[in-house]
Amino acid sequence: MLLGVNIDHIATLRNARGGENPSPIEGAKICMKLNVHGITAHLREDRRHIKDEDIKQLKSLGCRLNMEMAATEEMQKIALSVLPHACCIVPEKRKEITTEGGLDVASSQEKMNKFVKPLVDNGILVSMFIAPDKNQILASHKTGAQYIELHTGAYSCAFGKENEETEFQKLKSAAEFAQNLGLKVNAGHGLDYNNVRRMHEIRGIEELNIGHSIIARAIFTGLDNAVIEMMNLIK
Ligand code: PXP
């Protein structure tokens, strides 16, 4: 499995004081030196962490940039001008602290098909961030996206509790179902240095996108150590 490091929360810390530090771009450079597979950054509608300029700079760094974004016209336009390596389409609510649930592709099939097509046509790898649900997987497949990213939030919350196995099995069978359709499978959200270990039990997950736990640990150990530790757990 490969690691995509989500650097949003370096920007959260920077924006707390409105200056330049800590710089998510410097963070991306450290990750790149360690050969992480990708850098993930979520350009939210309210620009609460990553800003437009960060996306441009990340692109010019030459990293394998995975831009997370909502399915809006504005974001589609930005993605088509920046041309990141990959786009992960996520649901977005203004007041949420983080991406709370998976994208509902099934109930907006036509809109999603139209949203995804120009991205794919321009050579961007597109991933739909969805709950482990067969209807959402089928709908994601219909959009022409090459990937899904399974929302691991419910599993992460259940880890070590009574419903861990139920949530884990949902991820496992969803990954298998998607792969049988020809979709590639990534996963992420809420993964940390403990719950990430079980991702090895799911065959064929290509990449894990992990942010908060790595950036949180980096405060005490340094970003390089936090990234190396996670890479060792998932490789
Ligand atoms: N993947 C997606 C699609 C996300 O929206 C997020 C959160 O921004 C993550 C992965 C990373 O989640 P976390 O910060 O909980 O590791």
Side-chain angles (χ1 to χ4, degrees), residues 1-13 15 24 27-28 31 36-51 54-55 58 64-72 75 79 84-105 116 124-132 136 140 145 147-159 167 171 174-175 178 184-199 205-219 223 226-227 229-231 233-234:
M1 272 182 304
L2 301 163
L3 175 64
V5 178
N6 183 316
I7 57 169
D8 292 352
H9 294 306
I10 302 180
T12 303
L13 210 52
N15 298 356
C31 293
V36 303
H37 187 237
I39 301 295
T40 296
H42 185 172
L43 187 66
R44 293 188 79 102
E45 186 190 10
D46 61 10
R47 310 301 198 265
R48 73 172 74 148
H49 36 57
I50 294 295
K51 298 181 188 284
D54 297 324
I55 293 290
L58 289 169
R64 185 186 165 283
L65 173 62
N66 173 27
M67 180 179 162
E68 290 177 358
M69 61 189 204
T72 64
M75 290 299 152
H85 182 83
C87 279
C88 181
I89 316 305
V90 303
E92 216 175 89
K93 294 188 208 123
R94 285 231 170 142
K95 296 238 163 90
E96 67 188 357
I97 292 172
T98 180
T99 318
E100 278 166 2
L103 191 65
D104 186 358
V105 189
V116 168
I124 300 172
L125 296 176
V126 179
S127 164
M128 310 303 275
F129 186 50
I130 54 171
Q136 299 300 343
S140 297
Y147 282 80
I148 56 164
E149 179 167 325
L150 289 173
H151 195 307
T152 50
Y155 158 73
S156 298
C157 286
F159 186 73
E167 294 303 333
L171 291 172
K184 294 188 180 175
V185 180
N186 295 334
H189 207 281
L191 294 175
D192 63 24
Y193 293 82
N194 294 314
N195 63 29
V196 76
R197 295 166 203 263
R198 290 204 75 184
M199 293 297 112
I205 290 195
E206 194 169 301
E207 178 180 284
L208 298 176
N209 285 304
I210 307 180
H212 188 266
S213 62
I214 293 177
I215 305 307
R217 182 160 296 206
I219 290 173
L223 184 57
V227 169
E229 204 179 328
M230 187 58 85
M231 284 172 94
L233 284 172
I234 74 173

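Just so you know, ligand 1 is whichever comes first in the structure, and atom 1 is the first atom listed for that ligand.
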Going by distance only, is there an N or O of G211 that falls short of 3.5 Å from an N or O of ligand 1?
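Looking only at distances, the answer is yes, because the N/O contact criterion of under 3.5 Å is met.
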Contact (N/O only, under 3.5 Å) between S213 and ligand 1
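No; every N/O pair is 3.5 Å or more apart.
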Taking only heavy atoms of [X], which atoms of ligand 1 are found under 4.0 Å from at least one of them?
X: G190; result: 12 (O), 13 (P), 15 (O), 16 (O)
X: V90; result: 3 (C)
X: N209; result: 10 (C), 11 (C)
X: H212; result: 13 (P), 14 (O), 16 (O)
X: F129; result: 2 (C), 3 (C)
X: I210; result: 16 (O)

Among H9, H189, E68, closest by any non-hydrogen atom to atom 3 (C) of ligand 1
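Going through H9, H189, E68 one by one, E68 has the nearest heavy atom to atom 3 (C) of ligand 1.
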Mind checking whether H151 contacts ligand 1 via backbone (N, CA, C, O), side chain (CB onward), both or neither, at a 4.0 Å heavy-atom cut-off?
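Neither part.
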In a table with atom names and distances, give each donor-acceptor pair under 3.5 Å that connects a side chain of residues 212-219 to protein atoms at least two apart or in another chain.
residue: S213; atom: OG; partner: L191; partner atom: O; Å: 2.9
residue: R217; atom: NH1; partner: E229; partner atom: OE1; Å: 3.1
residue: R217; atom: NH1; partner: E229; partner atom: OE2; Å: 2.5

State the CG-CG distance between N6 and L208, to the nearest 0.5 angstrom.
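Between atom CG of N6 and atom CG of L208 there are 12.5 Å.
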Donor-acceptor contact present, side-chain E149 to main-chain N186, <3.5 Å
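Looks like no, no N/O pair under 3.5 Å.
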Look only at the side chain of N15 and the backbone of R48, and say whether a donor-acceptor pair between them is shorter than 3.5 Å.
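Yes; judged by distance alone, with no hydrogens or angles, the pair exists.
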Shortest non-hydrogen contact from H189 toward S156
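Between these two residues, the closest heavy atoms are O-OG, 3.2 Å.
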Write down the atom of P84, the atom of A79, and the distance for their closest heavy-atom approach.
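Result for this residue pair: CD-O, 3.4 Å.
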Could you tell me which residues satisfy salt bridge (Lys or Arg N to Asp or Glu O under 4.0 Å) with R47, sequence neighbours excluded, listed by chain and number?
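For R47, the residues satisfying salt bridge (Lys or Arg N to Asp or Glu O under 4.0 Å) (neighbours in sequence not counted) are D52, E74.
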